[in-house]
Protein chains: 2
Amino acid sequence: MEHPQRRRRATVHDVAVEAGVSRGTVSRLLNGQRYVSDEARQAIEAAIVKVGFVPNRAARSLVMRRSQAIGLIVHEPHSLFVEDPNIGSILLGANETLSEADYQMATLIADSARDIARLGNYLSGGLIDGVIIVSAREGDAITRAVTRLDIPAAYVGHPRDIGDAAYVAIDNRSAAAAITTRLRETGRSRIGMIAAALDRDSGADRLAGFTDALGETFDPSLVESVPLYSYGDGQAGMRALLARHPDIDGVFASSDAVAAGAMDILQAAGRRIPADVGVVGFDDSSWAMRCDPPLSTVRQPAGDLGRAAAAAVLRQVEGAPAPGGGTVLDCPVVWRSSA
Amino acid sequence: MEHPQRRRRATVHDVAVEAGVSRGTVSRLLNGQRYVSDEARQAIEAAIVKVGFVPNRAARSLVMRRSQAIGLIVHEPHSLFVEDPNIGSILLGANETLSEADYQMATLIADSARDIARLGNYLSGGLIDGVIIVSAREGDAITRAVTRLDIPAAYVGHPRDIGDAAYVAIDNRSAAAAITTRLRETGRSRIGMIAAALDRDSGADRLAGFTDALGETFDPSLVESVPLYSYGDGQAGMRALLARHPDIDGVFASSDAVAAGAMDILQAAGRRIPADVGVVGFDDSSWAMRCDPPLSTVRQPAGDLGRAAAAAVLRQVEGAPAPGGGTVLDCPVVWRSSA
DNA sequence: GTGAAAGCGCTAACAC
DNA sequence: GTGTTAGCGCTTTCAC
């Protein structure tokens with residue numbers, strides 16, 4: 001506190017002097033190599049504590065061309081980042097795997113054009129060895145930057161324009177088909193869908209699964225497209241559907257939040273769930289159990305998604321021969337009482 | 001450990017050669033200094049594009065002793081990280097301010113002992129200029145590391161053991177007192193509290209505000225302590241309270257999620273809300289509007305918290321003389337119909 | 001086993 | 001205005 005300037009941090013040099021050895025020897029010990037005598041080791045360890053040495057990772061990264069850090073980019077619209085529990089689970093899962101491998105995960109938010117520009121710079125700056133990209137959209141500026149810079153990467157989700165980059169995804173299409181089929185089997189004949197985020201692979205695939213399941217009976221006017229996987233958009237979508245088809249008797253909402261919004265509108269309009277209308281969602285997030293009646297939905301293994309994506313970048317960073325390709329995780333249907 | 005033959009990135013040297021100038025000149029242009037001729041500037045700019053140059057931030061950090069990056073540490077139990085919308089809003093707010101100042105924000109998750117150990121190392125490694133700490137607890141290992149390493153820091157929340165470090169907090173105590181008073185004014189006489197997270201300053205302060213408001217009439221047996229600000233703990237807390245005091249007519253839950261859990265238990269037990277029991281929460285998160293009836297609660301300005309904390313670290317990083325002290329933000333009561 | 005020396009890619013003094 | 005020269009703190013041959 002006597003010096004306004006932050007005190008200079010100890011370097012390997014200081015440790016070496018204190019221990020009476022050379023910098024090389026200190027460095028060897030730090031990197032766990034053989035060929036350090038017990039005597040030297042003890043002197044160095046004591047010196048490290050004495051001078052309060054902490055290695056400078058910027059210097060280390062510079063020479064090793066490796067930072068032992070992985071970036072995780074979340075490119076979400078505002079509202080979703082705040083509300084979507086899947087994101088939190090993905091982060092935690094990825095962090096778990098990275099942490100075990102002794103990598104530091106740094107989550108980077110892409111929330112504005114400025115963020116995106118700065119990120120391009122940051123990613124190729126040598127501060128990060130690879131990157132996990134959550135919820136990229138097609139034509140995404142981040143995807144372009146990562147591809148151009150040739151940074152080891154793994155995507156959570158599977159936008160069509162990532163070439164042969166590694167990705168981890170769920171099979172949105174067949175999961176959507178499965179739950180739609182299940183809904184249909186409860187005897188519904190006028191099933192609608194609130195289709196959110198059609199600009200994302202997940203959104204588009206869920207719609208595709210829905211039409212798969214309905215086959216011949218599919219009626220495009222029973223699909224309402226909304227921008228986000230949000231509660232508010234679920235309400236809006238349901239209002240539109242109800243106006244067009246007052247006799248609707250089943251709804252597949254493309255996320256639990258959307259389903260929650262839809263259920264509230266339906267109930268406000270006097271429809272009983274599941275007696276009059278069966279509703280199903282997607283995610284098995286905390287929304288599902290908050291619905292009344294509890295929501296039938298598809299369980300998304302978000303933690304596993306994060307873990308697998310982390311393992312995929314790590315493989316590349318550690319020098320895997322092939323880029324990786326994709327991994328597709330299973331999503332069981334969780335049937336409750338909303339349909 | 002072999003690394004893949006990723007192609008060598010262009011350096012200032014390559015740019016200099018291509019443009020027919022010296023490295024110094026390139027560097028000057030990059031750092032926006034005067035004294036670069038128009039001619040040189042154009043040659044360099046062309047060369048940068050041609051060779052595909054992106055500055056190496058590790059090298060730059062090393063010499064400048066600055067990385068233009070700020071870490072944001074989230075030290076939350078698993079479930080909360082996934083469910084608490086405040087965290088997302090804080091992140092977004094902080095990122096906004098940091099981004100405007102052209103700093104990269106990197107969110108670091110402290111989820112295991114291993115994470116915490118690695119973080120200490122990472123923070124002092126020169127890859128980060130300062131740190132924002134969200135939801136530190138007292139006696140926190142992260143707090144100790146940050147203090148010991150003397151890293152510019154700002155806390156969101158106000159644990160008692162951060163010395164004179166900068167912090168941004170809300171006045172949990174008076175906000176809790178305000179909403180409790182409001183609840184009491186609806187004519188309730190047996191008001192209980194589900195007090196979550198008493199190991200945190202926020203949790204302890206909300207309880208203190210509750211007792212402030214009740215004064216003489218405070219009855220300790222009407223307080224049920226639960227570990228987390230979660231829906232599940234809200235249910236558990238309410239069950240306990242109901243068992244002890246079947247005649248309870250008001251509940252202050254220390255978060256909206258807790259309130260939601262409590263309401264569901266109350267309604268399952270046949271109590272009408274607000275007729276039989278008035279329930280109020282804290283946060284004004286998305287839970288509040290999902291409750292039926294909509295929850296009366298306290299609005300927490302999470303985005304502002306993030307913005308203010310970011311501004312506080314920035315001030316220190318840019319060399320403010322005094323450490324900063326605290327900022328306390330206001331939390332208006334949002335009255336709806338659950339009480 | 002250990003020290004000396006050569007950089008990693010960049011910026012900042014200081015000549016010219 | 002621009003080139004030259006030192007390093008920033010670290011790892012890593014390569015002699016000894």
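Every chain is numbered from 1 and lettered A, B, ... according to where its sequence line falls, protein lines coming before strand lines.
- Near DNA chain D, meaning a heavy atom under 4.0 Å away, the residues from residues 56-69 of chain B are B:Leu62, B:Val63, B:Arg65.
- For the side chain to side chain contact (heavy atoms under 4.5 Å, CB included) criterion with A:Ile90, the lone passing option out of A:Val134, A:Val74, A:Val168 is A:Val134.
- In terms of heavy-atom proximity, B:Asp111 sits nearest to B:Asp115 at N-OD2, 2.8 Å.
- Chain B approaches DNA chain D within less than 4.0 angstrom (heavy atoms of the protein), and the contacting nucleotides run 5' to 3' from D:dG1 to D:dG9.
- Mapping B:Gly24 and A:Leu30 onto DNA chain D via the closest heavy atom, the residue that lands nearer the 5' end is B:Gly24.
- Going from atom CZ of B:Arg23 over to atom P of C:dA13 covers 16 Å, rounded to whole Å.
- Residues meeting the side-chain contact (heavy atoms from CB on, under 4.5 Å) test with A:Ala169, sequence neighbours left out: A:His158, A:Tyr167.
- Legend: salt bridge (charged side-chain N to carboxylate O under 4.0 Å, His left out) pairs involving residues 86-101 of chain A, not counting sequence neighbours, sorted by first then second residue: A:Glu96-A:Arg307.
- A:Asn31 places a side-chain N or O within donor-acceptor distance of the main-chain N or O of A:Ser27, the cut-off being under 3.5 Å.
- Rounded to the nearest 0.5 Å, atoms CZ (A:Arg60) and CG (B:Leu127) are 11.5 Å apart.
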I'd like a list of close polar pairs between nucleotides 14-16 of chain C and the protein, N/O only, cut-off under 3.5 Å.
none

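- Nearest heavy-atom pair across A:Ser124 and B:Val54 is OG-CG1, 2.7 Å.
- Shown here are the side chain to side chain donor-acceptor pair (under 3.5 Å) partners of A:Glu45, two or more places apart in sequence or in another chain: A:Arg41.
- Atoms OG1 and CG, on B:Thr107 and B:Leu91 in that order, are 5.0 Å from each other to the nearest 0.5 Å.
- Checked by atom type and distance alone, the side chain of A:Arg137 never pairs as donor or acceptor with a backbone atom of A:Asp199 at under 3.5 Å.
- Proximity of residues 36-54 of chain B to DNA chain D (heavy atom under 4.0 angstrom from any strand atom) is restricted to B:Val36, B:Ser37, B:Ala40.
- When the side-chain contact (heavy atoms from CB on, under 4.5 Å) test is applied to B:Ala141, the partners found at least two apart in sequence or on another chain are B:Ile116, B:Arg144.
- Annotation: salt bridge (charged side-chain N to carboxylate O under 4.0 Å, His left out) contacts involving residues 10-32 of chain B, sequence neighbours excluded, comprise B:Arg8-B:Asp14, B:Glu18-B:Lys50.
- The backbone N or O of B:Leu149 lies less than 3.5 Å from a partner atom in the side chain of A:Arg9, making a donor-acceptor pair.
- Residues forming a side-chain contact (heavy atoms from CB on, under 4.5 Å) with B:Ala101 (at least two apart in sequence, or on another chain): B:Tyr103, B:Leu314.
- In this structure, B:His13 atom NE2 and C:dC8 atom P are separated by 10 Å, rounded to whole Å.
- Using modelled atom types, one side-chain atom of A:Asp129 and one backbone atom of A:Gln68 make a donor-acceptor pair closer than 3.5 Å.
- B:Thr143 places no side-chain N or O within donor-acceptor distance of the main-chain N or O of B:Gly139, the cut-off being under 3.5 Å.
- Residues from residues 15-22 of chain A with heavy atoms under 4.0 angstrom of DNA chain D: there are none.
- Base engagement by A:Ser27 is indicated by at least one non-hydrogen atom pair under 4.0 Å involving a base atom.
- Taking every heavy atom of both residues into account, B:Ile132 and B:Ala94 meet most closely at CD1-CB, 4.1 Å.
- Of all the heavy atoms in B:Ala154 and B:Ala312, the pair that sits closest is CB-CB, 3.9 Å.
- Axis angle across the helix from C:dG1-D:dC16 to C:dC16-D:dG1, with five pairs used at each end and values rounded to 10°: 40°.
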